[in-house]
Number of protein chains: 2
Amino acid sequence: MRDLTIAKAAREAGVGVETIRFYERRGLIDQPMKPQGSGFRVYSPEQIKRIKFIRQAQQIGFSLHEIQELLSLRADPAADCSVVRSQAVAKLEDVNRKIDQLHHIGTALEALIAVCPGRGGLHVCTILDTLIDPAHSRVPSLAADGPLPAVPPKRKRQNGSIAANNHKQRRAL
Amino acid sequence: MRDLTIAKAAREAGVGVETIRFYERRGLIDQPMKPQGSGFRVYSPEQIKRIKFIRQAQQIGFSLHEIQELLSLRADPAADCSVVRSQAVAKLEDVNRKIDQLHHIGTALEALIAVCPGRGGLHVCTILDTLIDPAHSRVPSLAADGPLPAVPPKRKRQNGSIAANNHKQRRAL
DNA sequence: ATGGCGTCCGTACCACAGTACGGAGTCAAG
DNA sequence: CTTGACTCCGTACTGTGGTACGGACGCCAT
């Protein structure tokens, strides 16, 4: 794979041209070399890898900001390996938290689906009943009516997890 | 639990006052009765349950739009249970996909951390090298370089709207 | 009756992650 | 040498899910 202009690089990485420029503006990727005289960006395989990495990390639920932190550590010559390591550890914890959360959600959904008759009018649909009034449900996973994860922190938002990605697959349902 | 004014209802449901009004505007909840003469919203336990439902469904990964659909299904006597079910199934698949990806990254991070010397300059740090260039890593978990989900569908713009937005980044406060 | 919350409403603003547009320049094929 | 596709850049706009603000008014206890 040779160096590619932006449109081909975008195709290759599975993003839009504008997205690449957007990442560049955000400092997630460097502006690539523009070979002699040409004002056109030309992307090396490494740079395309980096874009793919960004997508991958995003898929997993990291925000662009988090990804930037990860990447900027790499660029810091003063950075100590232990810093990177502890970031990695923190990310791992993060990942594990996310997995836990998703497991919860998953089992809840499974339970709901298992109990749902799957046909007939809504008057026999237990899914919505359960969702709407978990306390009275025979499905325990959602009856744990515990304190919902408090309303997201004021001012600063760093979550962006599940719903944030949803607009991309909106038609997935 | 008696009927509550908006602030107490919000506390009870674990959201902000503005969020309730926001849900109302979005049509996710009805405006509650305002008892004789009073212009104040008063929320019944049922309505609070509905707000909690919205939060719960959000936790599960439904967007507000999807939740709205779900709720309007509930209001539609002609709606079929199987519709709701298949929505839930789709969400479950979604969740499982995310879990898979996270497991990938999780094991990868573990492997990376295990291989990382943990001290010294970045020139000896293997973590970032591997993250950014999975293909050349001795840690295989990240090398799975599969096809990334295609770039999200393009929307067409067809309305010169007068618009509510200067998304200029203004640093106030 | 008055002070201090609580609430009303509308509008503006925020962060995030892009997407779209337009006018100008560039490049490669015919 | 023209033409059409591609690229440049900056700015505006989008959708999602809220938050914040401010003036006016309601409610209740002292």
Side-chain angles (χ1 to χ4, degrees), chain A residues 4-11 14-28 31-32 34-43 51 54-55 57-59 61-68 151-170, chain B residues 4-11 15-28 31-32 34-43 51 54-55 57-59 61-68 151-173:
Chain A
L4 304 173
T5 59
I6 194 165
K8 305 216 181 83
R11 224 184 330 279
V15 302
V17 169
E18 301 297 341
T19 304
I20 292 183
R21 297 208 321 110
F22 172 71
Y23 289 168
E24 197 182 295
R25 284 203 294 282
R26 276 283 194 282
L28 284 157
Q31 210 185 59
K34 298 182 179 179
Q36 43 266 54
S38 168
F40 288 14
R41 293 168 178 83
V42 168
Y43 294 85
I51 296 165
I54 293 167
R55 296 305 276 183
Q58 259 189 314
Q59 291 292 313
F62 292 104
S63 68
L64 291 185
H65 182 76
E66 290 170 321
I67 294 167
Q68 195 163 16
V151 74
K154 311 260 174 194
R155 213 69 283 249
K156 184 72 186 159
R157 205 157 110 189
Q158 87 281 38
N159 181 334
S161 57
I162 301 156
N165 285 340
N166 251 308
H167 66 286
K168 296 177 181 142
Q169 293 114 306
R170 173 145 312 301
Chain B
L4 304 173
T5 58
I6 194 166
K8 306 219 181 81
R11 225 186 326 280
V15 301
V17 168
E18 301 298 339
T19 304
I20 292 183
R21 296 206 325 108
F22 172 72
Y23 288 167
E24 197 182 295
R25 284 203 295 283
R26 276 284 192 282
L28 284 158
Q31 209 186 60
K34 298 183 179 179
Q36 44 265 53
S38 167
F40 288 14
R41 293 169 178 83
V42 167
Y43 293 85
I51 296 165
I54 294 167
R55 298 305 279 185
Q58 263 188 312
Q59 291 292 310
F62 291 99
S63 69
L64 291 184
H65 181 76
E66 291 169 323
I67 293 167
Q68 195 162 17
V151 68
K154 314 250 172 211
R155 279 176 285 108
K156 264 272 98 145
R157 196 152 90 186
Q158 85 273 39
N159 182 3
S161 85
I162 322 149
N165 38 349
N166 8 13
H167 277 202
K168 312 290 72 167
Q169 53 284 51
R170 208 180 2 246
R171 247 7 30 188
L173 239 153

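Keep in mind that this is a model prediction, so the values were computed, not measured. Protein chains get the first letters and strands the later ones, always in sequence-line order, with residue 1 at the start of each.
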* To do: Identify which nucleotide among C:dA20, D:dC21, D:dT7 has an atom closest to any side-chain atom of A:E18, counting heavy atoms from C-beta outward.
  => C:dA20

* What is the distance, rounded to the nearest whole Å, between atom CZ of B:F22 and atom C1' of C:dG10? -> 15 Å

* Hey, does B:I6 have a side-chain heavy atom less than 4.5 Å from the side chain of B:E24? -> no

* Does some side-chain heavy atom of B:V15 sit less than 4.5 Å from a side-chain heavy atom of B:F22? -> no

* Counting just side-chain N and O atoms, does A:S38 come under 4.0 Å of either OP1 or OP2 of C:dT26? -> no

* Tell me: CD of A:Q68 to P of C:dA15, nearest whole Å? -> 15 Å

* Backbone of A:R26 reached by a side-chain donor or acceptor of A:Q68 within 3.5 Å -> yes

* To do: Can you tell me the distance, in whole Å, between the CG atom of B:L28 and the P atom of D:dT16?
  => 12 Å

* Asked: Below 4.5 Å, heavy atoms only, C-beta onward: do A:R11 and A:L4 meet side chain to side chain?
  -> no

* Give me the one residue out of A:I51, A:L28, A:I54 that meets side-chain contact (heavy atoms from CB on, under 4.5 Å) with A:I20. => A:I51

* Structure fact -> Of the listed C:dT7, C:dC27, D:dC27, the closest approach to the A:F40 side chain comes from C:dC27

* Measure from CZ on A:R55 to P on C:dA17 and round the result to the nearest Å. => 11 Å

* **Nearest-neighbour nucleotide for the A:Y23 side chain, D:dG18, C:dG18, D:dT7 considered** => C:dG18

* Asked: Of all the choices, C:dG18, D:dG18, D:dT7, which nucleotide is nearest to the side chain of B:T19 once you look at every atom?
  -> D:dG18

* Any donor-acceptor N/O pair under 3.5 Å between C:dG18 base and A:R25 side chain -> no

* Using a cut-off of 4.0 Å on non-hydrogen atoms, how would the nucleic acid contact of B:K8 be classed: base, sugar-phosphate, or nothing? -> nothing

* Where the side chain of A:K34 is defined as all heavy atoms beyond and including C-beta, which of D:dT7, D:dC9, D:dT19 is the nearest nucleotide? -> D:dC9

* To do: Report yes if a side-chain nitrogen or oxygen of A:R21 is closer than 4.0 Å to either non-bridging phosphate oxygen (OP1 or OP2) of D:dC8; otherwise report no.
  => no

* Structure fact -> Ranking D:dT7, D:dC9, C:dG18 by distance to the side chain of A:Q31, first place goes to D:dC9

* Structure fact -> Looking only at C:dG6, D:dG18, D:dC8, the nucleotide nearest the B:Q58 side chain is D:dG18

* How is A:R41 classified with respect to the nucleic acid when contacts are heavy atoms under 4.0 Å: base, sugar-phosphate, or nothing? -> sugar-phosphate

* Kindly say whether, by distance alone, the side chain of B:R26 makes a donor-acceptor pair under 3.5 Å with the base of D:dG18? => no

* Would you mind reading off the distance between A:I6 atom CD1 and C:dG25 atom P, rounded to a whole angstrom? => 20 Å

* Atom pair distance, as rounded to whole Å: CG in B:L4 and C1' in C:dG6 -> 14 Å

* To do: Looking at every strand, decide which applies to B:E24 at a 4.0 Å heavy-atom threshold: base, sugar-phosphate, or nothing.
  => nothing

